[in-house]
2 protein chains.
Amino acid sequence: MSFSSSSTGRGGAIGGAAFSPLYKQIKALLVQSLHAGEWKPGESIPSELDLAARFQVSQGTVRKAIDELAAENLLIRRQGKGTFVATHHEAQVRYRFLRLTPDNPENTQRAQSTILECSRQKATQEIARLLEIRTGDALIYIKRLMNLGNRPSVIDEIWLPADVFKGLTSEVLIHNKGPLYGLFETKFGVSMIRAEEKIRAIAANAQVADFLNVSEGFPLLQVDRVSYTYGDRPMEIRRGLYLTDQYHYRNSLN
Amino acid sequence: MSFSSSSTGRGGAIGGAAFSPLYKQIKALLVQSLHAGEWKPGESIPSELDLAARFQVSQGTVRKAIDELAAENLLIRRQGKGTFVATHHEAQVRYRFLRLTPDNPENTQRAQSTILECSRQKATQEIARLLEIRTGDALIYIKRLMNLGNRPSVIDEIWLPADVFKGLTSEVLIHNKGPLYGLFETKFGVSMIRAEEKIRAIAANAQVADFLNVSEGFPLLQVDRVSYTYGDRPMEIRRGLYLTDQYHYRNSLN
DNA sequence: TAGTGGTCTAGACCACGTT
DNA sequence: ACGTGGTCTAGACCACTAG
C-alpha cells in the first residue's frame with residue numbers, strides 16, 4: 001500500500017484532515033478486533049506476517065502498531081511464541097491494578113476477599129457522569145472486605161452498569177477465585193485496560209473503623225478509581241479505603 | 001556495522017554472554033554522554049544522521065535508541081526541530097513530579113514555597129541505605145512549606161548528599177524561582193529523571209498541624225520519595241505531607 | 001526444522017519548522 | 001530550500017520456542 005495523507009486509505013478524516021499514519025490506523029483496527037472479541041484475553045493474535053497480509057501493509061507497519069499496543073499493556077509479546085491478548089487472570093497473585101505493597105516485602109500478601117454486600121442501586125448524578133450513563137440508570141453495587149496477610153486491610157465499594165454486568169450476583173462473586181477483573185473478562189466480556197485514580201487521606205468513620213479493626217478517626221487512604229475498557233469507555237467506579245500502617249501505595253514517576 | 005551476538009561490538013560482555021542488541025548499546029552510550037554533560041538539559045542533541053555516522057550504525061538503529069530514551073522522558077523529540085534533553089525548567093507551572101491536583105480544576109494552583117530550614121545533618125542508617133552512601137555521611141537538610149492557591153498545603157523535608165550539593169544554602173533556595181529540580185540541574189548538574197514513591201495516610205502531629213492550619217490528628221498524605229539521576233543513582237530523599245481536603249494525588253494505571 | 005518475534009540495514013518519501 | 005524528525009517498505013539475518 002502506498003503512503004499518503006489522511007485522504008487516503010482507512011481512517012481518512014471527513015473534513016478535519018488530521019494526518020493519521022498508517023500504523024495508527026492498523027492499531028485502531030486491532031483494537032476494534034480486540035473489542036469485538038475476535039481474539040480473547042489470554043489467546044494469541046495472528047502473526048505479524050499474517051496481519052501484514054490481511055491489512056496489505058508491510059510487517060514493519062504492523063510491528064509498530066503492535067509495539068504501541070504492547071506498550072499500553074493491551075498486548076503482550078513473547079519472542080518465539082507469539083503476541084497475546086493481555087488478561088487479568090495471569091497476573092493472579094500480583095493484582096495488576098492494586099498498588100498496595102507490604103512495607104516489609106517478606107510478608108507475602110495473601111489476598112482474600114469477603115463480599116459484604118451486593119445489591120442494586122440507581123446511579124447518582126456523580127456516578128452517572130463518571131460512567132457516562134444517565135442519572136437513575138440501574139447499577140450493581142458491591143461492597144467487600146479484603147484481607148492481606150490475614151488482616152483486614154481494604155474496603156472496596158464498587159459500582160457497575162447493570163446492563164453490562166447482568167447476572168452478577170453475590171453467589172457469582174463468592175464462587176469466584178482470583179481477581180474481580182478476571183471474572184469480568186470471563187463472565188461478562190469486559191476487559192479493563194486502564195484506570196485513573198484520585199488519592200486522598202481521610203479519617204475512618206465508625207463503621208469502617210470496625211471492619212478494619214482500628215479506632216474511629218484513624219487515617220486511611222481513600223482511592224477513587226475509574227476503570228476503562230477498549231475505546232476509553234468507563235466501566236467501573238470504585239472507592240477503596242486502604243489501611244496503610246503496614247502497607248503502602250507504591251508509585252513510579254517518570 | 002554488522003549485527004552479531006554480544007561477542008561483537010561495543011558492550012560485549014566479558015563472559016556472561018548476555019545478548020545485547022546494538023540499539024541498547026547505542027542507548028547506553030547516549031546516556032553516558034548525557035551523564036557526562038556533553039549535552040545539557042534544554043539543549044538539542046545531534047541529529048539522527050549525525051549520530052548514526054558517529055556510531056557507525058544505520059539511522060534506524062539510532063532511532064530506536066532515541067525512541068526508548070524519549071519514552072523514558074530523558075529526551076524529547078520535536079518534529080522539524082530536533083531532539084532535546086529533558087529539563088525540569090520547562091515544566092515550570094506543571095511541576096513534573098508533583099501529582100497533587102486541585103479537586104476543582106478551576107483553582108489554578110499557584111505554587112509558592114517558603115524555606116523553613118536549611119541545615120546540615122549526618123545520614124542515619126535508613127537514609128544512607130536509600131542514598132547508597134555511608135551512615136554518618138554529610139547531608140543537606142531542607143524543610144519547606146508550599147502554598148497552593150494561597151493556602152498552605154504541602155510540607156516537604158528533603159535530604160541531599162552534601163558532597164554533590166556543595167554550596168546549597170538557604171540564600172540560594174530563597175532566591176530560586178521555579179522548581180527545585182530546575183535549580184539542581186542549573187547549579188549542581190544533577191538531573192532527576194525518575195522517582196519512586198511510597199504513599200500512606202498519617203495523622204498530623206502538633207507542629208505540622210500548625211503549619212497547615214488544621215487540627216492535630218488531621219489525616220494527611222505522606223509521600224516518601226527517592227529520586228534518581230542517570231544510571232539509577234539515588235540523589236534525593238524527600239518526605240512530603242500533603243493536605244488533601246481540596247487536592248488529591250492523581251495516578252494512572254496501565 | 002519451522003514458525004514467531006527481534007534486530008538491522010538502506011533507501012524513499014512525508015510532515016514540520018526555520019531560513 | 002533545507003534540515004529535522006516521522007513513516008513506510010523490502011529484505012536479510014538472529015534469538016527463542018516448540019514439535
Side-chain angles (χ1 to χ4, degrees), chain A residues 1-13 16-28 30 39 43-71 75-86, chain B residues 1-13 16-30 39 43-71 74-86:
Chain A
M1 148 165 285
S2 68
F3 173 56
S4 61
S5 53
S6 62
S7 57
T8 305
R10 309 151 261 259
F19 168 68
S20 173
L22 238 193
Y23 77 88
K24 290 274 187 193
Q25 303 174 34
I26 302 300
K27 189 182 164 188
L30 291 174
W39 314 300
E43 294 179 5
S44 70
I45 69 171
S47 76
E48 295 179 349
L49 281 172
D50 286 352
L51 289 170
R54 166 166 164 180
F55 297 128
Q56 294 283 292
V57 299
S58 77
Q59 184 189 7
T61 300
V62 170
R63 189 162 187 71
K64 181 141 190 177
I66 293 178
D67 276 346
E68 289 203 355
L69 293 173
L75 297 176
I76 298 171
R77 316 193 79 136
R78 288 191 200 136
Q79 186 175 104
K81 299 181 75 173
T83 300
F84 298 78
V85 182
Chain B
M1 148 167 283
S2 68
F3 173 55
S4 61
S5 55
S6 63
S7 58
T8 306
R10 309 152 263 260
F19 169 67
S20 174
L22 239 192
Y23 78 88
K24 289 274 187 193
Q25 301 173 36
I26 303 299
K27 187 181 165 188
L29 290 173
L30 291 174
W39 315 300
E43 293 180 5
S44 70
I45 69 172
S47 76
E48 296 179 349
L49 282 172
D50 286 352
L51 289 170
R54 166 166 163 180
F55 296 128
Q56 294 283 293
V57 298
S58 77
Q59 185 189 5
T61 300
V62 170
R63 190 165 185 71
K64 181 142 188 177
I66 292 178
D67 276 346
E68 288 204 355
L69 292 173
L74 298 208
L75 296 176
I76 299 171
R77 291 177 164 288
R78 288 193 200 134
Q79 184 174 93
K81 299 183 74 172
T83 301
F84 299 78
V85 182

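Labels below follow one simple rule: chain letters A, B, ... track the order of the sequence lines, proteins then strands, and each chain is numbered from 1.
Among the nucleotides D:dC8, D:dT7, C:dG5, the one closest to any side-chain atom of A:L22 is D:dC8. Among the nucleotides C:dT7, D:dG5, C:dA15, the one closest to the side chain of B:F19 is C:dT7. Relative to the side chain of A:K81, the nucleotides D:dT9, D:dA18, C:dG6 differ in distance, and D:dA18 lies closest. Closest to the B:Q79 side chain, of the nucleotides C:dC16, C:dG6, D:dC8, is C:dC16.
Between D:dC8 and A:S58, no contact under 4.0 Å exists linking OP1 or OP2 to a side-chain N or O. Not one side-chain nitrogen or oxygen of B:T61 sits closer than 4.0 Å to the OP1 or OP2 atom of C:dT7. Dashed line: the shortest gap from a side-chain N or O of B:R77 to OP1 or OP2 of D:dG6 is under 4.0 Å. Here A:K64 does not reach the OP1 or OP2 of D:dC8: none of its side-chain N or O atoms lies under 4.0 Å away. Taking only side-chain nitrogens and oxygens, B:S47 never comes nearer than 4.0 Å to OP1 or OP2 of D:dG3.
Rounded to a whole Å, the OH atom of A:Y23 is 12 Å from the C1' atom of D:dG5. Nucleotide D:dC8 holds its P atom 14 Å from the CG atom of B:D67, rounded to whole Å. B:F55 has its CZ atom 13 Å from the P atom of C:dT9, to the nearest Å. Between the CG atom of B:L51 and the P atom of D:dG3 there is a distance of 17 Å, given to the nearest Å. In this entry the distance linking CD1 of A:I45 with C1' of C:dG3 reads 15 Å, nearest Å. Following rounding to the nearest Å, A:Q59 (CD) and C:dG3 (P) show an atom-to-atom distance of 14 Å. Atom CD in A:E48 sits about 17 Å away from atom P in D:dC16, given to the nearest Å. When the P atom of C:dG17 is taken as reference, atom CD1 of B:I76 falls 15 Å away, rounded to whole Å.
Residue-level contact check: A:R63 touches the bases, meaning some heavy atom is under 4.0 Å from a base atom. In this structure, B:S44 reaches neither bases nor backbone, as no heavy-atom distance under 4.0 Å exists between it and the strands shown.
Using a 4.5 Å cut-off on side-chain heavy atoms (C-beta onward), A:W39 and A:L30 make contact. The shortest side-chain heavy-atom distance between B:R78 and B:F84 falls under the 4.5 Å cut-off. Counting heavy atoms from C-beta outward, B:E68 and B:K24 have side chains that approach closer than 4.5 Å. B:F55 places a side-chain heavy atom less than 4.5 Å from the side chain of B:L29.
With both pairing distances under 3.5 Å, C:dG11 is matched to D:dC8 as a Watson-Crick or G-U wobble pair.
When each of B:L69, B:D50, B:V85 is tested with B:I45 by the rule side chain to side chain contact (heavy atoms under 4.5 Å, CB included), just one qualifies, namely B:V85.
Between B:R77 and B:E48, at least one side-chain nitrogen of the basic residue sits less than 4.0 Å from a carboxylate oxygen of the acidic one, meeting the salt-bridge criterion.
The residue among A:K24 and A:G80 whose nearest nucleotide of DNA chain D lies closer to the 5′ end is A:K24.
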